[in-house]
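Everything on this sheet refers to the single structure shown next.
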Amino acid sequence: MSSPPPPFFCRFSSEDVSSQNQVKASVQRKIRQSIAEEYPGLEPVLDDLLPKKAPLIVVKCQNHLNLVLVNSVPLFFNIRDGPYMPTLRLLHQYPNIMKKFQVDRGAIKFVLAGANIMCPGLTSPGGALDDEVEAETPVAIMAEGKQHALAIGFTKMSAKDIKAINKGIGVDNMHYLNDGLWKVCIHNHVIS
């Protein structure tokens, strides 16, 4: 049995970039539309985040990872053709754009080390789930007693199944505080 791959941004750096391209207007419209549908809470600020006139750069990286940049700042990412997920930096600016799960205090250090989120860390006292979340949904991972998200995850099972099964991995950890993407976002030296 092989272990699951590490989170995509565990050791991410500019050396992981394969190519970067300014996208055509039609592709830019499709990306904007996908993001608007996935995150309706961003609608009032979408024109500021993804200005129609500003060049939108899609950076292709190893492991089928794509970053969406505006003014050299990574705002969203996706894997293969999956849903776009905001970077933590963007999520901290707009904290209510995603559904939220909360891990208990005991899980925090593991999540910050890149571990996937286990069901018991979400169902124990201190953990919390949004019952409406289905499998294969991007979610913000909050920490008991903390204000800002510590990670962005992608659910492996629905919230109802996480509660019912209560063992194994409930959420894949996609991006967490102090991983490679966080450091790139903070230093704004993504890809030159």
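Predicted, not measured: the structure shown is a model, and the values here were computed from it. One-based numbering along the sequence shown.
- Checking side-chain atoms of Gln22 against main-chain N and O of Ile57 turns up no donor-acceptor pair under 3.5 Å.
- Judged by distance alone, the side chain of Asp172 and the main-chain N or O of Gly153 form no donor-acceptor pair under 3.5 Å.
- In this model, a donor atom of one side chain and an acceptor atom of the other lie less than 3.5 Å apart for Asn78 and Asn66.
- When side chains are defined from C-beta on, Leu75 does not count as touching Val68, because their heavy atoms never get closer than 4.5 Å.
- Lys156 contributes atom NZ, which lies 11.0 Å from atom CD1 of Ile117 (distance to the nearest 0.5 angstrom).
- Every pair passing side chain to side chain donor-acceptor pair (under 3.5 Å) that includes a residue from residues 39-50 is listed here, sequence neighbours excluded: Arg32-Asp47.
- Across all their heavy atoms, Leu91 and Ala149 have their closest contact at CD2-CB, 3.6 Å.
- Listed by first and then second residue, the salt bridge (Lys or Arg N to Asp or Glu O under 4.0 Å) pairs involving residues 113-141 are Lys99-Asp130, Lys99-Glu132, Asp131-Lys163 (not counting sequence neighbours).
- Taking CD1 of Ile165 as the start and CG of Asp161 as the end, the distance is 4.5 Å to the nearest 0.5 Å.
- Here the closest heavy-atom approach between residue Lys109 and residue Gly106 is recorded as CG-O, 4.4 Å.
- Side-chain atoms of Glu38 never come within 3.5 Å of backbone atoms of Tyr84 as a donor-acceptor pair (strictly under, hydrogens ignored).
- Of the possible polar contacts, none joining the Thr155 side chain to the Ser158 backbone as a donor-acceptor pair under 3.5 Å is found.
- Inter-residue side-chain proximity for Arg89 and Val73 is flagged as met; some heavy-atom pair is nearer than 4.5 Å.
- In this structure, the side chains of Gln20 and Lys60 stay at 4.5 Å or more apart for every pair of heavy atoms.
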Requested in this report: Determine, step by step, whether Glu144 and Gln102 satisfy the side-chain contact (heavy atoms from CB on, under 4.5 Å) criterion, reporting the C-alpha distance in whole Å, the side-chain angles of both residues, the deciding distance to 0.1 Å, and the verdict.
Outcome: CA-CA 6 Å; Glu144 179 183 5; Gln102 180 175 295; 3.8 Å; yes
Report task. Show your working on side-chain contact (heavy atoms from CB on, under 4.5 Å) between Leu67 and Phe76 and close with a plain yes or no. Result -> CA-CA 6 Å; Leu67 296 173; Phe76 294 91; over 6 Å; no
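- Transitive grouping of hydrophobic side chains (ILVMFWY, heavy atoms separated by less than 4.5 Å) brings Phe77 and Trp182 into a common cluster.
- Taking the side chain as every heavy atom from C-beta outward, Met157 and Cys119 approach each other to under 4.5 Å.
- Annotation: the span from Thr123 atom OG1 to Asn166 atom CG amounts to 3.0 Å, rounded to 0.5 Å.
- For Lys160, there are no side chain to side chain donor-acceptor pair (under 3.5 Å) partners, not counting sequence neighbours.
- Follow the hydrophobic side-chain contacts under 4.5 Å out from Phe110 and you never reach Phe101; the two are in separate clusters.
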Query raised in the report: Passes side-chain contact (heavy atoms from CB on, under 4.5 Å), Val133 versus Leu129? Steps please.
Result: CA-CA 8 Å; Val133 174; Leu129 296 165; over 6 Å; no
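- With contacts defined as side-chain heavy-atom distances shorter than 4.5 Å, the pair Phe154/Pro83 qualifies.
- In this structure, CG on Leu50 lies 11.0 Å from CG on Leu69, to the nearest 0.5 angstrom.
- The two residues Gly114 and Tyr176 come nearest to each other via the heavy atoms CA-CE2, 3.4 Å.
- A distance-only check finds a donor-acceptor pair linking the side chain of His175 to the backbone of Leu88 [under 3.5 Å].
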**Report entry** Trace of the side-chain contact (heavy atoms from CB on, under 4.5 Å) decision for Ile141 with Ile152
**Finding:** CA-CA 6 Å; Ile141 305 298; Ile152 291 176; over 6 Å; no
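- With hydrogens and angles ignored, the 3.5 Å screen pairs no side-chain donor or acceptor of Lys100 with any backbone N or O of Ala128.
- Residues Met118 and Met142 do not share a hydrophobic cluster, defined by chaining ILVMFWY side chains whose heavy atoms lie under 4.5 Å apart.
- Val70 is listed as a side-chain neighbour of Leu56, based on a closest heavy-atom distance under 4.5 Å.
- Remark: Tyr94 OH is packed, more than 12 non-hydrogen atoms of other residues, nucleotides or ligands lying under 6.0 Å away.
- A single hydrophobic cluster is seen to contain both Ile35 and Leu49, as judged by linkage of ILVMFWY side chains at heavy-atom distances under 4.5 Å, directly or through other members.
- Looking only at distances, no side-chain donor or acceptor of Asn116 sits under 3.5 Å from a matching main-chain atom of Ile169.
- To the nearest 0.5 Å, the span separating NZ on Lys146 from CZ on Arg105 amounts to 6.5 Å.
- Legend: residues meeting ring-ring contact (aromatic ring centres under 6.0 Å, His included) with His148, ordered by chain and number and at least two apart, are His92.
- Every side chain to side chain donor-acceptor pair (under 3.5 Å) that Ser124 has, sequence neighbours left out, goes to Asp104.
- Between the side chain of Asp179 and the main chain of Leu181, a donor-acceptor pair closer than 3.5 Å is present.
- For Thr137, the side chain to side chain donor-acceptor pair (under 3.5 Å) test picks out no residue, with sequence neighbours left out.
- Between Pro138 and Met85 the shortest heavy-atom distance is CB-CG, 3.7 Å.
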